Structure formats: C-alpha cells, structure tokens
Amino acid sequence: MKQYKFSYFFGQAVRGLWRNGVMSFASIAVLMSCLIVLGSFTMLVANINVNLDELGLQNEIMVFVEPDLTDDELLRVEQMIRNISYVGEVRHITKDEALDYMIEQVGEENRDLYEAYRDDNPLSDSFEITNIDGAHYTDVTYSLSQIEGIRKTRDQRALANMMQSLKNGVTLIFSWFLVILFVVSVFVIINTVKLSVYSRKNEIVVMRYIGATGLFIALPFIIEGAMIGLVSSMIAYLLENVLYGYIQSSVSDIVSIIHIIPLSDVRLTMFFGFAAVGILTGVIGSAISISKYTRN
Amino acid sequence: MIDFTNVIKAYPNGTVALNGVNLHIDDGEFVFVVGATGAGKTTLMKLLLREEKATSGTVVVDNTDLSKLSYLRVPHYRRKLGIVFQDFRLFPKKTVYENVAFAMQVVGVPNKKIKKRVPALLNTVSLGDKSNCFPNELSGGEQQRVALARALANNPKIIIADEPTGNIDPKMSLEIMNLLVKINKLGKTVLVVTHEKNLVDYYQQRVIMIDGGVVSDDRVGGMFE
Ligand SMILES: Nc1ncnc2c1ncn2[C@@H]1O[C@H](COP(=O)(O)OP(=O)(O)OP(=O)(O)O)[C@@H](O)[C@H]1O
Ligand SMILES: [Mg+2]
C-alpha cells in the first residue's frame with residue numbers, strides 16, 4: 001500500500017467523478033445548497049445572539065433621572081434604588097460618562113461635533129441596574145416608578161424577548177430543514193458513488209480474489225466522496241461570502257441599531273466548517289455505498 | 001496442504017451444496033476435480049477462497065483454519081492463492097502488462113520489482129511479445145494465459161482454476177492444461193475443476209470426483225476410459 005502511488009487512488013476517484021458527470025453534479029448541487037442553508041442559519045443565530053448580548057440581556061434596567069437634580073437629590077435617588085429588594089448591582093453613570101459613551105458610539109470623526117456639548121451637557125445622569133432577579137423583575141420596575149426624581153426607565157426586555165422567540169423559531173425550522181437536506185445529500189452521494197462502484201464491480205471482485213484489502217478497494221471511492229464534499233464546500237463558501245456580504249451591507253444601511261457580525265470575523269471558521277462538514281458528508285455517503293464490497 | 005474434514009455447506013436458501021466432504025491434498029500435488037453440473041465443485045473452490053464459510057466441519061489450508069480466519073486477515077490469506085476463472089476476468093482497459101502488474105500493485109509490491117517480474121511471468125506463459133496488447137486483441141487461449149500469469153504474479157502456493165478451459169476452443173485447452181502442469185512442476189499445488197474427460201484421462205493425474213456434495217471417487221490416473 002505504502003509503495004503504491006497515491007496517484008492511483010486519486011486517478012480512480014477523478015475518473016469516477018467524471019464518468020458519472022450528471023450525478024456528480026447533482027450531488028455537488030445538493031450538498032452545496034445544504035451547506036449554504038447551514039451557513040446562513042448559523043450566521044443568523046450567531047447574529048441574533050450577538051444582538052441579544054448587546055441589548056444588555058434581559059435583566060438590565062437603565063434609570064434616567066431629571067436633568068436638574070442636585071448632588072444631594074442624586075444621592076437620595078441612588079440610595080432608594082439600592083434599597084429596592086432584588087436589585088443586583090447599581091452603577092452611577094454621570095452625564096460626562098454618558099457623553100463619552102455617545103462619542104465612542106458615533107466614532108472619532110464626529111468627536112468635535114459632540115465635544116461642543118461638554119460644558120452644557122443636555123444628557124442626564126443615569127443608573128445602570130444589573131443582575132436583577134428575573135423572577136421579581138416587575139416588582140423592581142414598579143418600585144422604580146414610585147421613586148421621585150426619575151424621569152424614565154428603559155429596559156430592553158420586550159425586544160430581547162422578541163429576539164429570543166425569533167431565535168427559537170428559526171432554530172426549530174432550520175434544524176428540521178437541515179436534517180432533511182443532509183439526509184438528501186447523503187442519499188444522493190450514496191447513489192452517485194454507487195454508480196462508480198457498479199461500473200467497477202468486476203474489477204472489485206477480481207481485486208478481492210487477488211488479496212486487495214478492504215481499504216485498498218474502498219479508498220478511490222472514499223476519495224471520490226470526499227472530492228464531492230470538498231468541491232461543494234468551496235462553492236458554498238464563495239456563494240455564502242457573496243450572500244452574507246450583500247445582506248450585511250443592505251441591513252446595516254436600513255437599520256443601524258442592529259449589530260451585524262463582520263464577515264472577516266467568521267471567514268476562517270466558515271471556510272473550515274464548510275470543508276469539514278462537506279468532506280465528512282461525502283466520506284460518509286461513499287463509505288456507505290462501498291461497505292458491501294469491502295467485506296469478503 | 002489442504003484439509004477438508006466433514007465439510008457441509010448449506011446456502012442460505014437451503015441448498016446443501018456439500019454434504020460431508022473429506023479431502024486431503026499435499027503440497028505440490030496436481031489434482032483434477034470432476035463431477036456433474038451442480039455437484040458442488042465450485043462451492044468447494046469458494047470455501048478454499050474463503051468466499052464462503054463452511055456451515056460445519058473444518059477447512060484447513062497451510063495450518064490456517066479458515067473458519068477461524070478474521071475477515072481482516074482474509075486478503076492476506078488470499079495472497080497464498082492464485083485464481084483462474086472460466087471467463088478470464090481480465091481488466092479490459094488495461095494492457096496485458098498492466099493486468100499482471102496490477103495484481104502486484106494491489107498487494108503493495110514495489111514498482112522496481114514489478115518491472116522485473118512481469119516480463120518474466122509473461123515469458124512463462126509465452127506471451128512476451130503481447131505485453132502491450134489489450135485483452136480484446138487476444139484469443140481466448142491467450143487471454144487465459146494472461147490470467148494465469150496474473151494468478152502467478154504474487155508467487156502463490158496454490159493455483160485454483162475453475163473450468164479454465166470452459167470458454168476456450170479444444171485445441172487451446174490442451175495448451176492451457178500443459179501450462180498448468182508446467183506450473184505444478186515449478187512446485188505449486190494445482191487444483192483444476194474441469195468437465196473435459198479426455199483431458200483428465202490424458203494427463204493421468206490425481207482425480208477427485210464430487211457427486212451430490214460428497215467425494216465419490218478419488219484416484220490417480222484416468223477416470224473415464
Ligand atoms: N450462492 C448460492 N446460493 C444458493 N445455492 C447455490 C449457490 N451457489 C451454488 N448453489 C447451488 O449449490 C449446488 C452446487 O453448486 P456448484 O456451483 O458448487 O456446482 P458445480 O459443481 O460447480 O456445478 P457446475 O459444474 O455447473 O459449475 C447447486 O445446486 C447450486 O444450485
Ligand atoms: Mg462450477
């Protein structure tokens with residue numbers, strides 16, 4: 001085996017792919033679609049997760065006080081917030097800090113525009129309440145509404161809940177879709193490789209009598225399956241790049257509050273993920289079609 | 001050395017092809033296996049090749065009990081055997097040379113050794129000048145000689161030929177049989193299944209008759225005259 005050139009295995013694999021052109025093409029098309037759905041689904045869920053995190057999770061409330069409170073009054077409000085049961089941590093954010101944060105958000109190029117407000121800051125002081133006991137969330141919001149000097153509270157629970165249920169729905173639908181697509185992919189690959197196996201059936205019989213090992217007989221077909229997987233995954237990778245890039249630019253044009261994971265962050269993971277899933281699917285399919293012939 | 005002891009072979013559909021075969025063949029023997037159609041001759045060969053397993057009884061080849069051979073060891077076991085089929089089973093898209101070389105490539109023989117050995121093998125079967133021909137450019141007798149060269153490629157101890165002359169015209173049959181006898185003289189055990197009674201009588205070798213799944217006669221010399 002070691003002595004035998006690997007060109008034999010690859011040569012046979014390529015010949016097999018070529019001989020069953022239509023079926024090879026079908027396998028690649030199906031597996032590629034499958035990978036694109038997998039990739040898109042994964043990216044969608046990943047993006048929802050990132051945005052959920054960005055929303056400051058469900059148990060965070062921002063409290064904005066009236067703009068004209070004195071320092072004493074501020075202290076009193078803070079004390080009252082701290083006295084509410086089930087409130088976790090409370091952090092005072094001064095209006096200076098709020099402005100800093102805002103500048104950070106809009107980017108350095110607009111700094112001057114906002115820096116002009118530094119001395120006559122229109123923003124108000126606020127308190128960030130985190131680690132609220134989720135079970136008593138409404139109690140906390142009620143208690144906050146009773147405190148004098150609070151202008152408004154903001155929590156992102158409703159939005160977060162919506163995104164969470166969107167994520168659950170998406171996961172459910174796509175999981176089933178993916179299962180079906182992978183089953184179809186494996187099935188098509190099995191049949192493609194089976195064609196190759198059939199066209200070499202007589203050779204395989206003779207090879208077995210001569211004393212070829214199961215691996216020797218199976219390897220060309222396994223490589224054929226792996227090649228189907230590799231080609232599918234590379235095409236899927238390129239298409240997914242284009243697709244995601246397009247969605248990325250069009251979504252961020254429309255709604256800027258949604259945070260989109262940059263393509264460059266995931267490119268490598270996507271490349272190897274696609275290659276791994278694609279090749280594995282191809283190998284599984286071809287291993288199934290040849291298994292009958294590698295036994296004695 | 002080949003030993004069959006009380007070998008019964010029943011196929012899954014219930015056909016009992018062998019019904020208690022006892023047989024001993026020494027190294028270096030030449031044996032004809034004869035019998036009516038359906039007697040169980042091919043089944044006997046399939047058991048030797050470990051393509052089928054005995055339902056009961058033992059088949060021992062070279063101290064290897066085939067019923068105890070794990071399927072991973074089967075390829076290595078088969079390298080002790082050289083097989084010749086009635087229908088040649090050459091690779092149609094490979095040349096004569098490549099057909100023989102492939103048998104060695106399959107078992108991992110280094111290329112250098114293959115290059116040396118294939119021409120010698122083709123000379124043994126008198127086909128040195130046909131090494132670049134494709135099988136469909138050869139007569140049946142010549143194709144079977146290529147198959148013989150291939151069977152010899154990995155220097156097996158035992159040659160198994162199931163009706164090697166079945167697809168060849170009678171004149172060429174003699175040539176193939178002569179080759180098998182020559183191969184036997186080189187020290188190999190040779191088993192030949194055949195229906196050609198006149199050839200069996202002509203060679204005066206050991207003849208084993210299978211009838212209804214058992215050995216019904218076993219003698220040296222002619223059987224049919
Ligand atoms: N794979 C199989 N499944 C079921 N029955 C089989 C199988 N192979 C052979 N048989 C049966 O076993 C019996 C012996 O068959 P076998 O092929 O060994 O005969 P044979 O002596 O080689 O005959 P022939 O001279 O025609 O080649 C026959 O009745 C045949 O029908
Ligand atoms: Mg037969």
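Predicted model, so just to flag it, every value in this text is computed and none were measured. Side-chain atoms are counted along with the backbone in the values below, which use heavy atoms only and exclude waters and symmetry mates. Each chain gets a letter, A, B and so on, in the order the sequences are listed, and its residues count up from 1.
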Self-check item: Among B:Arg78, B:Arg150, B:Arg79, the one residue meeting side chain to side chain contact (heavy atoms under 4.5 Å, CB included) with A:Ile210
Solution: B:Arg150
Quiz item: Which bit of B:Phe85 comes within less than 4.5 Å of chain A, counting heavy atoms only: side chain, backbone, both or neither?
Solution: side chain
Practice problem: Give a yes or no on whether B:Tyr11 atom OH has more than 12 heavy-atom contacts from other residues, nucleotides or ligands under 6.0 Å away. | Solution: yes
Exercise. Provide the closest heavy-atom pair for A:Tyr209 versus B:Ile83 in the form atom of the first, atom of the second, distance.
Key: O-CD1, 3.4 Å
Self-check item: Shortest non-hydrogen contact between A:Ala212 and B:Val106, atoms and distance
Solution: CB-CG1, 3.1 Å
